[in-house]
Amino acid sequence: KLIHVEGDIELAERSERAVMWLVPHFLAVDAAGTATQLFQHRRVCNVYSAQSNPVLDEALKRGRARFGLADLFSRQESARPMVRAIKRGQAFFNPSDMDFGLRDAAFVPFFGEPAATLLAPSRLARSLDMIVQPVVGELLPGGQGYRIRFLEPWTDWPSDDAVADAARMNRWIESEIRRCPAQYLW
């Protein structure tokens, strides 16, 4: 077994509410996406950045959707189709540690330095009354595969303050980086 899942991956299947998986960019981020299609049965939607090379772009999309439960939405397009998918009950795989500049972002601390951090995860979770469950993917040593940890859902996130939520998200990502610094991509 190459993908070892820890925690409650089936939360999205049992929940009446939509689920957002917050997934920072560790080496196994794509393995975490695969786990959401192999170890639970709810459809998943994901946002991706279109690649400038159309062959690579198509290969990435095909690979990420190969198990038949994923709908992929380009960051370069409108968010409306993705929001509709979430409202229909799809779980949202959210690689939330992206820096798109000041658009819908705030500069909040990240390892003591101000970093442009997206406000959209908090705003989306709040507007759609989503359960937010952090997920971390790790590459195991010696070719043993991947460990995907589905952590306890946050009960106090989102709050009424998207900037405070962004800072909280960064503190959590910092704690996960400290656990496994060599595997963080950014």
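Sequential numbering from 1 along the given sequence is applied to the chain's residues.
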In terms of side-chain geometry, is the basic nitrogen of D165 or R126 positioned less than 4.0 Å from the acidic oxygen of its partner?
-> no
Residues E174, R171: salt bridge by 4.0 Å N-O rule = no
Does a side-chain heavy-atom distance below 4.5 Å link L27 with L185?
-> yes
Hey, are the side chains of D104 and R123 touching, using non-hydrogen atoms and a 4.5 Å cut-off?
-> yes
Have a look at P153 and tell me which of D8, L11, V19 forms a side chain to side chain contact (heavy atoms under 4.5 Å, CB included) with it.
-> L11
Nearest heavy atoms of V135 and P24, plus distance in Å = O-CD, 3.3 Å
Is the Lys NZ or Arg CZ of R168 less than 6.0 Å from the centre of W154's six-membered ring, within 45° of the axis?
-> yes
Measure the acute angle between the ring planes of Y184 and F110, then classify it against the limits of 30° and 60° as parallel, tilted or perpendicular.
-> tilted
Whether R66 side chain and G63 backbone form a donor-acceptor pair below 3.5 Å | yes
Search all heavy atoms of A125 against all heavy atoms of V132 and return the closest pair with its distance.
-> CB-CG2, 3.7 Å
Closest heavy-atom contact between Q76 and S74?
-> OE1-OG, 2.6 Å
Does R147 pair with E138 as a salt bridge, N-O distance under 4.0 Å?
-> yes
Once you round to the nearest 0.5 Å, how far does CG of L124 lie from CZ of F92?
-> 6.0 Å
What are the two closest heavy atoms between A32 and F93, and how far apart are they?
-> C-CE1, 3.7 Å
So, are R42 and E10 salt-bridged, with charged N and O less than 4.0 Å apart?
-> no
